[in-house]
Asks: 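Submitted below is the structure of interest, expressed as structure tokens.
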Amino acid sequence: MTTHKLNWYPCFSKFDEPFSTICPPTPLPDPYWVATNNSLCNALGISPDIFSQDAFLSAMAGNTLLAQSKPRASVYSGHQFGVWAGQLGDGRAISLGEINSPLGIQDIQLKGAGPTPFSRRGDGRAVLRSSIREFLCSEAMFGLGIPTTRALCVVGSPAKVYREEAETAAVVARVSPSFIRFGHFEHFASMGQLDAVNVLVHHVVQAHMPALLETKGDEQHLACALLKETTQRTAALMAQWQAVGFCHGVMNTDNMSILGLTLDYGPFQFLDNFYANHICNHSDNQGRYAYAKQPQIAYWNLFCLAQALMPIIQDQQLALDALETYKSLYPNYFYARMREKLGISDELETDNLLIQDLLTLMDKDRVDYTLFWRRLSNAVGEISSNEGNVFDAVQDLFIHREDFNQWLERYKRRLVPSDTSVVSLNMLRVNPKYILRNHLGEMAIRRAKEGDYSMVHSLLAVLATPFNEHPDFEAWAGIAPDWASQIEISCSS
Ligand code: AMP
Ligand code: MG
């Protein structure tokens, strides 16, 4: 059976050579479904029945091509851990092509589909463990309302893949309007191919930011408008990451999306206990990508993008002005997010200090970040009940209770005279009950390695609506077990 009712949109011709090379996936033996995402499938206008077709399983394993698919791997470069790394490229991701969907044009990409001309010394594969992490985290981020690439399915195979030990292979099908990275621009700029940089600018603007086409002036101004737009989107993204306690782990410029999406899930982690200097990537010895550093690293990365665009923008002051917007946008977005989390709907000069003092207290006592916000949201809803100390459960999270109580008095004064039951409901809509805690991902992976994928499926369902109650999964909203802090997540994937 070869019925693939996918409405392929012709690949954007300008993303052919020199941006990408035709590269068919390498087949994998005995593929099987690990997880499928019905809700994304529906959103793409495709019936989830497609997951029951053997031909589609084969296509998502990279064993056969969908009709009209032109599989391509693209070339990019980048700065890794602050150092120019030269050419990288899609070493194990192969774009099958773009489909025209109700979500707009979407690129479908198989990650782990075999070697490409850009694999360097890599095997082009991904292991089951990292594929499950990417699948679940993309969808968890989407559920949280954070811009991200999506994940349609994970296919596993008994084929061996060698990392620190022998593991098995998997392919995750990623979906995004575009996988273009800062590194794509850096690549062609570093080669002195300014025409290509210009084509990239036009492609991104036309396909993804058409409003910028109104920009008055020439190419110089269009490139600058793109820089400004990406700066704004990146600032908004960083504020969302920080507010939810997400650490990316490898914020190299080749992992930064020109569209401001969360991209390339590797050694990421949601904070359990709040610790500003937390480093989630065991390969990050210097802590370059520690949680608290993410916003400034994003700015550093934007600076690299600006440098790549400089030969087109030409006027240094124009580029600096575009970058400069980050310095006010990021804190504005961040404090707006944090006020939302606190249920504060207006803005006072003293709010930033209230927020900073809270984070300092949480950092000192390593308070569980997600639990704190959820308990605070619920407690606020109880204020008018006058039943004992409604903040007991929040206070219990702190070792230095007196310090926290002093902060709490300031906070309560700040809330007066709000309708606290409404405030509480608003808070519950922005403070998730469920995040992809490291140990939950780890438990799902351990079971999956034994052939039981049920926890992957349940996590997908719960994390799709993380602000809702899921009584059957109450345990997943609790404090991480002691062993969670021992989980080591490195770049190995
Ligand atoms: P990452 O650290 O995952 O962002 O990867 C950095 C670069 O290494 C990218 O160009 C990847 O495509 C490439 N890469 C990572 N793992 C592999 C692999 N197993 N085979 C080939 N290329 C890889
Ligand atoms: Mg990457």
Side-chain angles (χ1 to χ4, degrees), residues 19-21 23-26 28 62 71-95 107 109-135 137-138 141 148-149 151 157 159-174 176 178-188 190 247-259 261-269 279-285 288-289 294 297-298 301 304-305 489-493:
F19 304 103
S20 65
T21 309
C23 175
T26 305
L28 268 179
R72 312 195 75 95
S74 76
V75 63
Y76 54 82
S77 294
H79 283 85
Q80 297 187 315
F81 292 89
V83 179
W84 176 245
Q87 181 180 311
L88 303 164
D90 291 326
R92 54 173 169 173
I94 296 178
S95 279
D107 192 342
Q109 188 176 79
L110 300 184
K111 181 168 175 179
T116 75
F118 313 111
S119 295
R120 297 172 290 150
R121 283 173 301 281
D123 57 9
R125 292 299 182 194
V127 295
L128 178 65
R129 148 180 71 80
S130 66
S131 304
I132 289 175
R133 279 172 57 85
E134 170 136 17
F135 176 80
C137 199
S138 318
M141 293 297 259
T148 178
T149 61
S157 160
K160 288 267 182 294
V161 175
Y162 297 92
R163 297 294 180 258
E164 282 82 4
E165 55 185 21
E167 300 188 50
T168 59
V171 178
V172 53
R174 306 198 286 194
S176 174
S178 168
F179 290 96
I180 295 180
R181 302 143 193 272
F182 292 9
H184 280 99
F185 295 83
E186 290 180 281
H187 179 75
F188 291 98
S190 75
C247 304
H248 181 282
V250 207
M251 288 178 68
N252 294 333
T253 56
D254 53 299
N255 290 337
M256 296 292 292
S257 152
I258 195 72
L259 302 187
L261 308 172
T262 313
L263 172 65
D264 278 11
Y265 292 89
F268 68 82
Q269 191 187 348
I279 305 162
C280 64
N281 178 356
H282 268 73
S283 319
D284 181 7
N285 304 320
R288 179 178 172 85
Y289 300 136
Q294 297 186 125
I297 288 292
N301 289 342
C304 293
L305 176 65
I489 307 288
S490 69
C491 276
S492 144
S493 58

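Excluded from the calculations below are hydrogen atoms, water molecules and symmetry mates; all remaining heavy atoms, backbone and side chain alike, are included. Counting convention: from 1, in listed order, for ligands and their atoms alike.
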Asks: So, is Gly124 polar-close to ligand 1, with some N/O to N/O distance under 3.5 Å?
Replies: yes
Asks: Say you draw a straight line from CD of Gln109 to CZ of Arg72; how long is it, rounded to the nearest 0.5 Å?
Replies: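 Gln109 atom CD to Arg72 atom CZ measures 13.0 Å (nearest 0.5 Å).
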Asks: I need the Met251 CE to Gln294 CD distance, nearest 0.5 Å.
Replies: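 If we round to the nearest 0.5 Å, Met251:CE and Gln294:CD are 5.5 Å apart.
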Asks: Please state which part of Arg163 comes within less than 4.0 Å of ligand 1, counting heavy atoms only: side chain, backbone, both or neither.
Replies: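 The part of Arg163 near ligand 1 is the side chain, not the backbone.
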Asks: Heavy atoms only: give me the nearest Val161-Ala126 pair and the separation to one decimal.
Replies: CG2-O, 4.4 Å
Asks: Considering heavy atoms of the protein only, find what lies nearest to atom 19 (N) of ligand 1 and give residue, atom and distance to 0.1 Å.
Replies: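 Ranked first by proximity to atom 19 (N) of ligand 1 is Asp123 OD1, 2.9 Å.
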Asks: Tell me, please, whether Tyr265 has Arg133 positioned over its six-membered ring: NZ or CZ under 6.0 Å from the ring centre and within 45 degrees of its axis?
Replies: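 That pair does not qualify as a cation-pi contact.
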Asks: Heavy-atom distances under 4.0 Å are what count here, so tell me which part of Arg125 touches ligand 1: side chain, backbone, both or neither.
Replies: backbone
Asks: Any non-hydrogen atom of Phe118 lying under 4.0 Å from ligand 1?
Replies: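 Phe118 does not count as a contact of ligand 1 under the 4.0 Å cut-off.
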Asks: Look at the rings of Phe188 and Phe19 and say which category their plane angle falls in: under 30° parallel, 30 to 60° tilted, over 60° perpendicular.
Replies: perpendicular
Asks: Under the side chain to side chain donor-acceptor pair (under 3.5 Å) test against Ser492, which residue among Arg129, Glu167, Glu165 passes?
Replies: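 In the set Arg129, Glu167, Glu165, the residue that makes a side chain to side chain donor-acceptor pair (under 3.5 Å) with Ser492 is Arg129.
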Asks: Just going by heavy-atom distances, which of Asp264, Thr116, Asn255 is nearest to atom 2 (O) of ligand 1?
Replies: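 Closest candidate by heavy-atom distance is Asn255.
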Asks: Would you find a donor on one side and an acceptor on the other, under 3.5 Å apart, between the side chain of Ser119 and the backbone of Arg121?
Replies: no
Asks: Rounded to the nearest 0.5 Å, how far does NE2 of His282 lie from CD1 of Ile489?
Replies: 8.5 Å
Asks: Please evaluate residues Thr253 and Arg181 with respect to the criterion side-chain contact (heavy atoms from CB on, under 4.5 Å), reporting the C-alpha separation (whole Å), side-chain torsions for both, the decisive distance (0.1 Å), and the verdict.
Replies: CA-CA 7 Å; Thr253 56; Arg181 302 143 193 272; over 6 Å; no
Asks: Give a yes/no on ligand 1: does Gly266 have at least one heavy atom closer than 4.0 angstrom to it?
Replies: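 No.
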Asks: Got a second to check how far Ser130's OG is from Arg125's CZ, nearest 0.5 Å?
Replies: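 So the OG of Ser130 and the CZ of Arg125 are separated by 12.5 Å.
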Asks: Quick one: nearest non-hydrogen protein atom to atom 7 (C) of ligand 1, plus distance?
Replies: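 Among all protein heavy atoms, the one nearest atom 7 (C) of ligand 1 is Arg120 NH2, 3.2 Å.
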Asks: Using 0.5 Å steps for rounding, measure from the SG atom of Cys280 to the NE2 atom of His248.
Replies: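 Between atom SG of Cys280 and atom NE2 of His248 there are 9.0 Å.
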Asks: Ignoring angles and geometry beyond distance, decide whether Gly89 reaches within less than 3.5 Å of ligand 1 through its nitrogen or oxygen atoms.
Replies: yes
Asks: Keeping Asn252 on the side-chain end and Phe81 on the backbone end, is there a donor-acceptor pair under 3.5 Å?
Replies: yes
Asks: Do ligand 1 and Leu88 have nitrogen or oxygen atoms that lie under 3.5 Å from each other?
Replies: no
Asks: What distance do Asp264 atom CG and Met256 atom CE have between them, rounded to the nearest 0.5 Å?
Replies: 11.5 Å
Asks: Looking only at protein heavy atoms, which one is nearest to atom 15 (C) of ligand 1, and what is the separation?
Replies: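 Answer for atom 15 (C) of ligand 1: Arg92 NE, 3.6 Å.
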Asks: In the protein, what heavy atom is nearest to atom 21 (C) of ligand 1, and what distance, to one decimal place, separates them?
Replies: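 Ranked first by proximity to atom 21 (C) of ligand 1 is Gly91 O, 3.2 Å.
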Asks: Under 4.0 Å, heavy atoms only, figure out whether ligand 1 is touched by the backbone of Asn252, its side chain, both or neither.
Replies: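 Asn252 to ligand 1: no contact under 4.0 Å from either part.
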Asks: Counting only nitrogen or oxygen atoms and a 3.5 angstrom limit, does Gln80 reach ligand 1?
Replies: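 In this structure, Gln80 places no N or O atom under 3.5 Å from an N or O of ligand 1.
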Asks: Looking at atom 5 (O) of ligand 1, what's its closest protein heavy atom, distance included?
Replies: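 The protein heavy atom lying closest is Asp254 OD2, 4.7 Å.
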Asks: Using a 4.0 Å cutoff against the non-hydrogen atoms of Ser119, which atoms of ligand 1 qualify?
Replies: 21 (C), 22 (N)
Asks: Can you list the steps and then say if Asp90 with Ser74 is a side chain to side chain donor-acceptor pair (under 3.5 Å)?
Replies: CA-CA 6 Å; Asp90 291 326; Ser74 76; 2.8 Å; yes
Asks: How many N, O or S atoms of the protein are nearer than 2.8 Å to the Mg ion (ligand 2)?
Replies: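 Under the 2.8 Å cut-off, the count stands at 2.
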